[in-house]
Amino acid sequence: MPLTSDEDIAALLSEVRTIALVGASDRPDRPSYGVMRFLQNHGYRVIPVNPQITGEHVHGEFVWRELAQLGDPIDMVDIFRRPEAAGEAVDQAIAIGAKAVWMQLGVINEAAAARAEAAGLKVVMDRCPAIDIPRLRLPPVA
């Protein structure tokens, strides 16, 4: 079952240090742009992933085409994709050994969540860390 309790969500966000943000945007009007900045300001390293803007920079970070290209270990993959496209990001997260997947508000894919959980990943669906962090009063990560 995906994580839903405040305690489980807080524990996950407290353990995470490096986040790959799939569906990152370089457009300030897009939610992923603001969420990436929020997470960086809270102390997380956020690595943007988006094949449409590969090679560009968002908030000072190089944009990668896909998760498989990342050389750093990833604690959590934050997914800004349509629900039907989230499964591909989840499969890539499993393949790179991520510890958790977080599907953003409106992103619900039960089959992908089940695959992630079967592979040992923690799963959050239909939530936003930029909402949960202040709501749970979590301190910045070191």
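Since the model is a prediction, treat every value here as computed from it, not as a measurement.
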For [X], does the [atom1] atom sit with more than 12 other heavy atoms under 6.0 Å from it, leaving out its own atoms?
X	atom1	value
Gln69	CD	yes
Arg135	CZ	yes
Glu88	CD	no

Does one hydrophobic cluster hold both [X] and [Y], with members joined at side-chain heavy-atom distances below 4.5 Å?
X	Y	result
Ile96	Met76	no
Val90	Val22	yes
Ile133	Leu136	yes
Ile79	Met125	yes
Ile9	Met103	no

Which atom pair, heavy atoms only, marks the closest approach of [X] to [Y]?
X	Y	value
Leu12	Ala100	CD1-CB, 3.7 Å
Leu121	Ala98	CG-O, 3.3 Å
Pro2	Glu117	N-OE2, 2.9 Å
Gly23	Arg81	CA-CD, 4.4 Å
Ala93	Leu67	N-CD1, 3.7 Å
Ser14	Leu138	OG-CD2, 4.3 Å

[Y] backbone acceptor or donor facing [X] side chain under 3.5 Å:
X	Y	result
Tyr44	Met36	no
Trp102	Val77	no
Asp75	Ile19	no
Asp126	Gly106	yes

Side chain proximity check, [X] to [Y], heavy atoms < 4.5 angstrom:
X	Y	value
Val101	Val124	no
Ile47	Thr18	yes
Glu66	Thr54	no
Val63	His57	no

| message | Ring-plane angle category for Tyr33 and His59, please: parallel below 30°, perpendicular beyond 60°, tilted otherwise. | response |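 Plane angle between 30° and 60°, so tilted.
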
| task | Indicate the ring-plane relationship of Phe38 and His42, choosing parallel, tilted or perpendicular according to the 30° and 60° boundaries. | result |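 Rings of Phe38 and His42: parallel, as their planes differ by under 30°.
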
| field | Evaluation steps, side chain to side chain contact (heavy atoms under 4.5 Å, CB included), between Leu21 and Phe80 | value | CA-CA 7 Å; Leu21 198 145; Phe80 278 89; 3.7 Å; yes

| said: Tell me whether Asp8 is salt-bridged to Lys122, with the criterion being a basic N under 4.0 Å from an acidic carboxylate O. | reply: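 No.
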
| message | Whether Lys99 and Glu15 form a salt bridge (side-chain N of Lys/Arg under 4.0 Å from carboxylate O of Asp/Glu) is what I want to check. | response |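 No, this pair does not count.
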
Spacing of [X] atom [atom1] and [Y] atom [atom2] [to the nearest 0.5 Å]:
X	Y	atom1	atom2	value
Asn109	Arg82	CG	CZ	11.5 Å
Glu84	Ile108	CD	CD1	12.0 Å
Met1	Leu3	CE	CG	10.0 Å
Ser25	Glu56	OG	CD	9.5 Å
Ser32	Asp26	OG	CG	9.0 Å

| request: Verify the distance criterion only: is there a donor paired with an acceptor across the side chains of Gln104 and Asp78 at less than 3.5 Å? | output: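 A pair is found: one side chain offers a donor N or O, the other an acceptor, under 3.5 Å apart.
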
| task | Give the intermediate values and the outcome of side chain to side chain contact (heavy atoms under 4.5 Å, CB included) for residues Arg17 and Val141. | result | CA-CA 7 Å; Arg17 294 294 177 270; Val141 296; 3.5 Å; yes

| request: Give the intermediate values and the outcome of side chain to side chain contact (heavy atoms under 4.5 Å, CB included) for residues Gln40 and Glu61. | output: CA-CA 10 Å; Gln40 286 179 319; Glu61 288 281 349; 3.7 Å; yes

